[in-house]
Structure formats: structure tokens, C-alpha cells
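First up is the structure itself, then whatever we jot down about it.
Residue numbers begin at 1 in each chain, while the letters A, B, ... track the order of the sequences.
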Number of protein chains: 2
Amino acid sequence: MSPIPTAEARALRVAVADDAVLFREGLTRLLTEAGFAVTAAVGDAGALLASVAADPPDVAVVDIRMPPTHTTEGLEAARALRERHPGTGVLVLSAHVETGYALQLVDGGTTGAGYLLKERVADLAELRDAVRRVAAGGVVVDPGVVATLVGRRRVHSPLDALSEREREVLAVMAEGRSNQAIGEQLFLSQKTVEAYVRSVFTKLGLHQAADDNRRVLAVLAFLRH
Amino acid sequence: MSPIPTAEARALRVAVADDAVLFREGLTRLLTEAGFAVTAAVGDAGALLASVAADPPDVAVVDIRMPPTHTTEGLEAARALRERHPGTGVLVLSAHVETGYALQLVDGGTTGAGYLLKERVADLAELRDAVRRVAAGGVVVDPGVVATLVGRRRVHSPLDALSEREREVLAVMAEGRSNQAIGEQLFLSQKTVEAYVRSVFTKLGLHQAADDNRRVLAVLAFLRH
DNA sequence: CTGCGGTACCGGGTTGACCCTGTACCCCCG
DNA sequence: CGGGGGTACAGGGTCAACCCGGTACCGCAG
């Protein structure tokens, strides 16, 4: 294409990791066009770690969801990267809001990291700036993520009111297990399980009503997160 | 049913619609690189329809999820496009498997349409071929989608074994209602509701076990579709 | 230091969710 | 025409899932 030398004396080196070929290749073109040198474009976390070890870039742009489990390999890889190669910045791309990592970013006094939502990147300049700032040791977090984080503080889900143990009981309950099985799994007596179940109901605002099966309602609330 | 031109006398004209800037711009670069002329790159269904009306391309590549509701605007736009501009092929891109549209594609004796999964496109040649075949009036469906469609025919969900009434009872049960409320809502006696609930359990293969709460398990099975 | 919330347990009670058996009517298929 | 499946109901039983009240220990914030 047209590798335009910008203000940089040397182009920033970027590695791209995303299992979707279309997105990965498209992103590679966009980064190249924006003046970065794409040193690697890989499809899974293992290949990313290998390529960074072999030829450390300034920034790794990583999708969260990757093979084999398609859940949070990208996050694991990002963590590993930050430990083994502190000199390489990590810019995580996510399809949806995953507050967990974003929180870790803010909490840990981190440098050289970022978290953007794929769909929220408004223009190419935003991407270019994010990569540059991460390369320079800055922290970039999508404003949409920040908003939901702040918002969630106020509009707290009723599940937040549950204690650790109550949440554990509810989690097993949501797998369709009986009180007896919950007790066996969490090493609790029947009576204690019953007490926790009742506590969960009251904290979720589920009062005794002839029309409701509160156990199912609690499970539904749990599944809604 | 037309012959596919391998060496194009004129470049095929393609319009791209996707609300995510990164993906849209990346895709635009890839299509251009593959020898297509991208006539428009827009971010919502309305803009797509307008641009196709103003300057009809050979193929429109459309993402399903777009503003404002971020659900299936892309599908609506695809339908509208096929009615108003039969000469323009429509290649739908989806993030996840949405069997509905894929089925319509196969059923309707359609020509010049396609359905690909963003993440399943293995290489750029696959995309290029898909666009060409849709432009030539062919039908392209992602093999993964075909597999799940065919698979779903054979590996029928246990829910298929339920009768109409049993499914209705289960549906109300899945809203967290008690047997009493189910009876009131469906105009059934308590005893009849109980009979249906038991019938649902047996048909779903949920036998009495001290470790399970079958009501919750049945609801979970129902929610999994 | 007092009190509150979380954790953990018990005895004793009620009831809704389940079990089985049996009846009845309908429709459709072989 | 008999039988299987769906729909609908009742009697009569068991038990897991709930209720309440009470005890106990811990840590921590006021």
C-alpha cells in the first residue's frame, strides 16, 4: 500500500492477534496504512506469545475471544505478555463489555495497556492514537466501558447484595442441584443450606407468594448476571 | 447460473455496510485489495438503502447487527434490497449463527444471496469467491451454518419430544411461576398441571434423584432452547 | 465495647412440589 | 375397531423445600 513515514523516526512495531481472519487481516491493513509496522498477525494466544518472544513489538493488539475455548484466552495471553515482556504494550480489543479486565487495568497502576470495544472505535484516528499512547506507556480505556463501570456502581444488581457464600449457594442452585447436593458440594449441613437459600430469596426481594416459584426466579436472576 | 469471470474485464462494484468502523474499513481495504471496487462503506441500514438506490453496486456486503436496535436491521435491509434492487446481490455477514435467514435463503429459491459467518471465513480467497459467486447470481452459505442446520434435524433437542401443552406449561414454569399460577394462566386444575410437569420431567429424561432439582433443570433445558 | 453482618448449625413446623393409580374423552393410525 | 397419544381431572400419599426461632463464633466499624 502506501507506507507513509509520519513524524516518527521509525515506525512503531505492532503484533496483531485475532482468530477471525477477516478482522485480523483488515486490521493489519488499517494499521499499516496508519503508519505502523505490523510484525505479526496470528490467530491464537500461543502463536502470539511465540511471535512476541521471537520478535518483541512495541504493542500487541489482542482480541479477547480466541481458540480453543473462545472465551478469555486473549486476556490470559495479555496477562502473560505483560509479565514476560513488560516492554511490550498490550491493547485489548473486545466485542462486548467485559468489565473484569478493564477494572484490573485501572486498579493495578498499570502502564502501557488499553481496552477498546471493537464496535465503539469511532474512527481510524482513534485506533492510531490508542496504539501510540499504549506504546508510550499510557493507559487507554474505552469511554463506553468507563460509563458502564461507573453506572454499575449506582444501578447495582440485586446480586451485589449477596455475600460470598450466598452467591456460591445460588451458583450451585442454578445448576439444578438440590439443597442436599449443594450441602455436599459446599460442605454445609442441610439446615445451613436452607438458611442461605432463604437469605438469597430475601436479598433478591423474592417474598413468599403463591404464584411464584422463588427457586426458579432466583436462578433466572443469577443467569441474567 | 452464470459463468464466473475469473479475470474481470471491469471490477465488480461492492457496497459495504457495517456499524463497526474498524471492521467496515478493514473489510473495505481487503475487498479493494482483492480487486473489487468499493462504491460505498456505510454504517447503518438506511444509508445502505440510500446508497444502493443512488448507485447500485453488483453486491452489497451487509452485517446483520446494525443501529439503532443492534439486532437484525441488516436482515431487514437485505430483504428490502432484494425486493427493490433484484440486480444487486446480497452477502450477509453474521457474528453468530442465525439459522432463520439462512433457512430463508435455501427455501425461497433465491439467487444472488449469501450468508457467511465473520469468524468462519478461513482466508481472503474465500471471501473473494463468495462475493463473485453472489454477483453471478449464485447462493453461498457458510458450511458451518449448513452443518448446524442439518445437525439440528437429526440431533433433535429433547424439547421436541414435548407436546404443545407440555411446552406451554414448561414455558410458564421457566418464568418462575408456581404450579398454581401455571394452572390459573393456562386454565388447568392443579392436578393437571402436576401431571404435565411430571410428563415434562420424564420426557426430558430427568428421573427422580436426591441430588437434582428437576424443576430448575427443566427450566435450564428450556432456556437452552 | 457494643452491635452488626457473615458464617454455621439445630429443632420443629407447614406446604408446595412431587409420586402413583384410575377415569374420561378425543383423534388418528394401522 | 382396537390401541396409542394427547388432553384433562381426582384421590391420596411422601418429602424436599420452605418457615421461624434460637445458639454460637468471628471480625470489624462506630
* Report which part of the nucleic acid B/Q208 touches: base, sugar-phosphate, or nothing (heavy-atom distance under 4.0 Å, all strands). => nothing
* For the side chain of B/S163, starting at C-beta, report the closest nucleotide among D/dG6, C/dC9, D/dC18. => D/dG6
* Where the side chain of A/L188 is concerned, which of C/dA8, C/dA17, D/dA10 is the nearest nucleotide? -> C/dA8
* **A/Q190 vs B/V193, nearer the 5' end of DNA chain D by closest nucleotide** => B/V193
* Taking atom P of D/dT7 as reference, at what distance in whole Å does atom CD of B/E164 sit? -> 8 Å
* Asked: Separation of A/E194 atom CD from C/dG12 atom C1', in whole Å?
  -> 12 Å
* Asked: Are side-chain N/O atoms of A/E166 and A/S163 paired as donor and acceptor at under 3.5 Å?
  -> yes
* Distance, nearest 0.5 Å, that separates CG of A/D212 from NE2 of A/H207 -> 11.0 Å
* Asked: For D/dG5, does OP1 or OP2 lie under 4.0 Å from any side-chain N or O of B/K203?
  -> no
* Structure fact -> The nucleotide from C/dA8, D/dA17, C/dA17 with an atom nearest the side chain of A/T192 is C/dA8
* Asked: At what distance, to the nearest 0.5 angstrom, does CD1 of B/I64 lie from CG of B/L93?
  -> 8.5 Å
* Among D/dC18, D/dT7, C/dA8, which nucleotide sits nearest the side chain of A/V197? -> D/dC18
* Tell me whether the guanidinium CZ or amine NZ of B/K118 lies under 6.0 angstrom from the six-membered ring centre of A/F23 and within 45° of its axis. => no
* Among C/dA17, D/dC9, C/dG13, which nucleotide sits nearest the side chain of A/K191? -> C/dG13
* Do the side chains of A/E194 and A/V197 get nearer than 4.5 Å, heavy atoms only? -> no
* Asked: Which part of the nucleic acid, if any, lies within reach of A/S199 when heavy atoms closer than 4.0 Å are counted: base, sugar-phosphate only, or nothing?
  -> nothing
* Which listed nucleotide (D/dA17, C/dA17, C/dC10) is nearest to the side chain of B/R215? -> C/dA17
* Asked: A/I182 has an atom CD1; how far is it from atom C1' of D/dC18, in whole Å?
  -> 13 Å
* Taking CG from A/L186 and P from C/dG6, how many angstroms apart are they, rounded to a whole number? -> 17 Å
* Structure fact -> note: A/F187, atom CZ; C/dT7, atom C1'; distance rounded to Å ~ 16 Å
* To do: Using atom CD of B/E166 as one end and atom P of D/dT7 as the other, report the distance to the nearest whole Å.
  => 6 Å
* Asked: In whole Å, what is the span from the CZ atom of A/R214 to the P atom of D/dA17?
  -> 14 Å
* To do: Starting from P on D/dC9, measure out to OH on B/Y196 and report it in whole angstrom.
  => 8 Å
* Residue B/S178, side-chain atoms from C-beta onward, closest of D/dC18, C/dC9, C/dA17 -> C/dA17
